[in-house]
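In what follows, chains are A, B, ... by sequence order, proteins preceding strands, each numbered from 1. Just so you know, these numbers use all the heavy atoms, side chains as well, and skip hydrogens, waters and symmetry mates.
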2 protein chains.
Amino acid sequence: MSPRGRPRAFDREQALTQAMLVFWERGYDGASLAELTAAMGIKPPSLYAAFGDKESLFREAVEHYQSAHGRHTMRALTEEPTARAAVEAMLRNNACAYVEPGHPKGCMVVLAATNCTPANASVWEFLAASRDNVRRALRERLRRGVEEGELAATVDIDALGALYATVFYGLTMQARDGVSLDSMMTVIDLALSMWPGNGGGAASTVDTAPSAP
Amino acid sequence: MSPRGRPRAFDREQALTQAMLVFWERGYDGASLAELTAAMGIKPPSLYAAFGDKESLFREAVEHYQSAHGRHTMRALTEEPTARAAVEAMLRNNACAYVEPGHPKGCMVVLAATNCTPANASVWEFLAASRDNVRRALRERLRRGVEEGELAATVDIDALGALYATVFYGLTMQARDGVSLDSMMTVIDLALSMWPGNGGGAASTVDTAPSAP
DNA sequence: AGGATTCTGTATCGCTCGCTAAAGAAGGTG
DNA sequence: CACCTTCTTTAGCGAGCGATACAGAATCCT
């Protein structure tokens, strides 16, 4: 039951990966069709036949990114046994992913369209919605932590969620600006040292400068 | 001693302000000459005569931004009496500035060129250098805090500086994504609650959900 | 006044953008 | 084999980009 007509001469998945890398590094507007087709090893008509237009290709590239590199985030927030472990895993796994060799630094969902122009408004909203999903999942995980007795009922869920979201998105800027993984891990140490009910507070944590587990 | 020739028919400072607003919202690449000249109320030849080329105009716009809106940052880090007050003023003043009406949200130095393309590489480096200046000034202020006895000599200056830089840059993403000033202020409350030697730690701060001073 | 100088508006320039028409190439199906 | 379908290639479309040539207008200096 093979498809009729001339078979496709390139690997669609592989081409999509290359497109993702270009979008990741250049952003949506900054990635030109010329650079995309060159990286994918195909000509424009093949791209349009296989992926639609530039925006459709971008959306597929983002989904590919989320399943290949951003996977940690939602997995941590849904599968880790405790809220604290979830936040820690989310931050540490992403920090590691941000500086892996072989791809641009930082989070594609944050960096691929920071400016909203009339031309890319729908792309911006697409990424903004994804970022809001993370914020919502983070709050939800904290709420579950309260429900399960891990966190005191008096803890301000929204405030704590906003703090770790801020750190989360700040790490992407740090990574893109070339900050080392060690530095990011120490930032995460500090950010987690103020987890509610952690006891000692920040000072002791800073003084002993612990390393990541 | 007036200049010879036909006098300029527009206010250079005012035109620069309008250009700054366009770059702030659209980013360097996303701001077209058409939109810039329309906002400035002038035609392309006037722009090129007064500002050079697009990149020179952008650099001037960034300098204008830094003296008009980013002024708080370096002022706080150099003029506040204590390191803690400096960090707090830097974060709070910027959070307020990020959501002021009348201009785009978030920090222009962070948002105007997040992606580095061959065409805008020098612009990217210009902004990245400015961000590194903030990191350096932040570390320097903390180091001074140790020198003056405000912070214990055992405190890890680099780690603490990296943490507040991460929060600082994360706040810009939060602001651009529409997070409220209240939420950002609460994030700053939490981030400051783990200042070394703060005593109680985070839990009590979260429980009482204090408001900003 | 007359000339020198500088700014302004019109009308482009060459280039790159995202995208596509048209023809040839490679497979299946009779 | 002829025929149909689908992909690939070449070539180029209209639009928008950053930047400018040119002529006219406004000011100063002599």
Side-chain angles (χ1 to χ4, degrees), chain A residues 1-16 18-20 22-23 25-61 112-113 115-124 126, chain B residues 1-16 18-19 22-23 25-61 112-113 115 117-124 126:
Chain A
M1 211 186 188
S2 58
R4 296 194 304 181
R6 178 172 176 175
R8 182 178 286 132
F10 63 94
D11 185 312
R12 194 179 187 281
E13 192 87 1
Q14 197 170 324
L16 183 58
Q18 294 305 313
M20 176 199 71
V22 174
F23 279 127
E25 175 139 30
R26 305 289 191 212
Y28 178 74
D29 288 317
S32 71
L33 261 289
E35 192 173 3
L36 285 166
T37 53
M40 299 164 83
I42 61 178
K43 302 290 198 298
S46 298
L47 187 155
Y48 280 82
F51 298 99
D53 60 1
K54 187 187 180 184
E55 179 168 343
S56 301
L57 172 62
F58 178 77
R59 292 174 115 96
E60 264 201 70
N115 304 110
C116 181
T117 70
N120 73 3
S122 64
V123 162
W124 192 87
F126 176 62
Chain B
M1 209 184 191
S2 57
R4 295 194 305 181
R6 178 174 176 173
R8 182 179 285 132
F10 62 95
D11 186 312
R12 194 179 187 280
E13 192 87 2
Q14 197 169 324
L16 183 59
Q18 294 305 312
V22 174
F23 279 127
E25 173 139 31
R26 306 288 191 214
Y28 178 74
D29 289 316
S32 70
L33 261 289
E35 192 173 2
L36 286 166
T37 53
M40 300 165 83
I42 61 177
K43 307 288 195 227
S46 298
L47 188 155
Y48 280 83
F51 298 100
D53 60 1
K54 188 187 180 184
E55 179 167 343
S56 300
L57 172 62
F58 177 78
R59 293 174 114 99
E60 263 200 69
N115 303 111
T117 70
N120 72 3
S122 63
V123 163
W124 191 88
F126 176 62

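The two residues S56(B) and F51(B) have their closest heavy-atom pair at CB-O, 3.1 Å. Between A34(A) and T37(A) the shortest heavy-atom distance is O-OG1, 3.0 Å. The two residues M40(B) and A19(B) make their nearest non-hydrogen contact at SD-CB, 3.9 Å. Minimum interatomic distance between V22(A) and A39(A) (heavy atoms only, all atoms of both residues): CG2-CB, 3.6 Å. Listed here is the closest heavy atom pair of A31(A) and R26(A): N-CB, 3.6 Å.
Summarising the geometry, the separation between CZ on R26(A) and C1' on dC17(C) is reported as 16 Å, rounded to the nearest angstrom. Rounded to whole Å, the distance from CZ on R12(B) to P on dC7(C) is 11 Å. When the C1' atom of dA15(D) is taken as reference, atom CG of L33(B) falls 16 Å away, rounded to whole Å. In this structure, NZ of K54(A) is placed 8 Å from C1' of dG18(C), rounded to the nearest angstrom. A straight line from CZ of F10(A) to P of dA25(C) spans 20 Å, rounded to a whole angstrom. One interatomic measurement links the two molecules: CG of L36(B) to P of dC17(D), which rounds to 10 Å at whole-angstrom precision.
Rounded to 10°, the angle separating the first-five-pair axis and the last-five-pair axis of the helix from dA1(C)-dT30(D) to dG30(C)-dC1(D) equals 10°.
If you check every strand for non-hydrogen atoms under 4.0 Å, A31(A) touches sugar and phosphate atoms only.
Counting only heavy atoms from C-beta outward, the side chains of E25(B) and E35(B) never approach each other to under 4.5 Å. With contacts defined as side-chain heavy-atom distances shorter than 4.5 Å, the pair L57(A)/L16(A) qualifies.
Positionally, the nearest nucleotide of DNA chain D for G5(A) lies more toward the 5' end than for the other of G5(B) and G5(A).
Side-chain atoms of R8(B) lie closest to dT8(C) of the nucleotides dC29(D), dT8(C), dA19(D). With dT8(C), dT29(C), dA19(D) as the candidates, the nucleotide lying closest to the side chain of R4(A) is dT29(C). Comparing dA19(D), dT8(C), dT8(D) by their closest approach to the side chain of D53(B) singles out dA19(D).
Atoms CZ and CZ, from F10(A) and R12(A) in turn, are 7.5 Å apart once rounded to the nearest 0.5 Å.
For DNA chain C, the neighbouring residues in residues 38-52 of chain A, judged by any heavy atom under 4.0 Å, are P44(A), P45(A), Y48(A).
Under the 30°/60° scheme for interplanar angles, the aromatic rings of Y28(A) and F23(A) are found to lie parallel.
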